[in-house]
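To keep things clear, I will list the structure first and then write my remarks on it.
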Amino acid sequence: RKEVEQDPGPFNVPEGATVAFNCTYSNSASQSFFWYRQDCRKEPKLLMSVYSSGNEDGRFTAQLNRASQYISLLIRDSKLSDSATYLCVVRGNTGKLIFGQGTTLQVKP
Amino acid sequence: DAGVIQSPRHEVTEMGQEVTLRCKPISGHNSLFWYRQTMMRGLELLIYFNNNVPIDDSGMPEDRFSAKMPNASFSTLKIQPSEPRDSAVYFCASSSPPEQYFGPGTRLTVT
């Protein structure tokens, strides 16, 4: 079993749609959680950290459920520019980041 | 602010040649990470340093790979000898924990 698992997609949605990505992690000792975004042929970029209370940044909402070891990312009112691969990332107590394989989103006009 | 700087951005070399990838982390960050990304295997951590000291190199594929961090502002990843299966994008990232920031990567092609 992979340490961080994501549905690879692709998710194909029209502009304006709401889309949700899910992620599960296996190590209950994991301490920090993130979503990164990676555009084609570019480096991963930090999208947002994920806090236990849930957090929102504009159209993006992240949720963490420690009991279920589950992380989610909700994107509202999708834009064409949201098309990218979204990486679920977990940081363990050793300081290493463990990346999921990524979920590909394609927003179409 | 300057982000993580990597050089070269692209490298094409022949099998058997030595390849050296370079990284300058963000000033003030005390952790540095080397990753490799391929379509098949995704993003893999090769090695990371805390305060210039290697902490975990369990991801280094084999003895052909070596990494150094002689000071807080510079690191190298060396492959000697290179093989076609080393073709990938190599990312360097730096961190003032817990978040990491990636450089633009070096796209390595070994023919």
Side-chain angles (χ1 to χ4, degrees), chain A residues 1-10 21 23-27 29-52 55 57 60 62 64 66 71 73 84-105, chain B residues 1-7 9-10 21 23-26 29-60 67 87-109:
Chain A
R1 184 186 172 191
K2 293 180 181 175
E3 290 188 69
V4 179
E5 296 210 51
Q6 294 181 249
D7 179 348
F21 305 139
C23 164
T24 57
Y25 60 96
S26 60
N27 186 351
S30 299
Q31 297 184 337
S32 307
F33 309 88
F34 310 93
W35 284 100
Y36 277 72
R37 170 192 170 131
Q38 187 172 23
D39 292 284
C40 187
R41 301 179 74 85
K42 298 283 191 180
E43 72 273 23
K45 291 186 177 178
L46 179 65
L47 179 65
M48 59 196 302
S49 301
V50 187
Y51 303 115
S52 297
N55 48 299
D57 183 1
F60 298 83
L64 168 64
R66 284 188 182 270
I71 307 162
L73 177 68
T85 297
Y86 290 83
L87 301 163
C88 176
V89 185
V90 172
R91 180 174 184 261
N93 54 4
T94 62
K96 290 166 59 171
L97 293 189
I98 309 298
F99 286 77
Q101 286 286 92
T103 298
T104 299
L105 171 66
Chain B
D1 286 341
V4 176
I5 299 172
Q6 290 188 247
S7 65
R9 295 291 305 275
H10 300 272
L21 311 181
C23 175
K24 177 178 169 54
I26 294 171
H29 283 190
N30 57 5
S31 298
L32 183 140
F33 304 77
W34 282 102
Y35 292 88
R36 176 171 70 175
Q37 187 173 39
T38 62
M39 288 292 293
M40 290 295 294
R41 300 173 67 92
L43 198 59
E44 304 173 278
L45 177 66
L46 300 177
I47 184 171
Y48 81 96
F49 297 82
N50 267 356
N51 297 316
N52 314 338
V53 176
I55 301 299
D56 184 345
D57 65 354
S58 59
M60 296 285 262
S87 297
V89 181
Y90 290 81
F91 290 107
C92 176
S94 73
S95 169
S96 182
E99 296 142 350
Q100 286 186 20
Y101 297 89
F102 284 74
T106 295
R107 186 169 297 275
L108 174 65
T109 302

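Keep in mind it's a predicted model, so treat the numbers as computed, not measured. Proteins come first, then strands; the chains are lettered A, B, ... in the order of their sequence lines, and each starts at number 1.
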* Of all of Val89(A), Leu46(A), Leu87(A), Leu97(A), which one pairs up most often with chain B through heavy atoms under 4.5 Å apart? -> Leu97(A)
* Determine the interplanar angle of the Phe99(A) and Phe102(B) rings, folded into 0 to 90°, and report it as parallel if under 30°, tilted if 30 to 60°, perpendicular if over 60°. => perpendicular
* CA sep, side-chain torsions, deciding dist, call: Asp7(A), Thr103(A), side-chain hydrogen bond (donor to acceptor under 3.5 Å, both in side chains) -> CA-CA 6 Å; Asp7(A) 179 348; Thr103(A) 298; 5.8 Å; no
* **Atom group of Tyr48(B) that falls short of 4.5 Å from chain A, counting heavy atoms** => side chain
* Structure fact -> If one checks every heavy atom of Gln31(A) against chain B at 4.5 Å, the contacting part turns out to be neither
* Is any side-chain heavy atom of Glu5(A) closer than 4.5 Å to a side-chain heavy atom of Cys23(A)? -> no
* Can you tell if the side chain of Phe60(A) reaches within under 4.5 Å of the side chain of Leu47(A), non-hydrogen atoms only? -> yes
* Counting only heavy atoms closer than 4.5 Å, note whether Gln37(B) contacts chain A via side chain, backbone, both or neither. => side chain
* Proximal component of Arg107(B), with respect to chain A [non-hydrogen, under 4.5 Å] -> side chain
* Are the side chain of Arg36(B) and the backbone N or O of Ser87(B) linked by a donor-acceptor pair below 3.5 Å? -> no
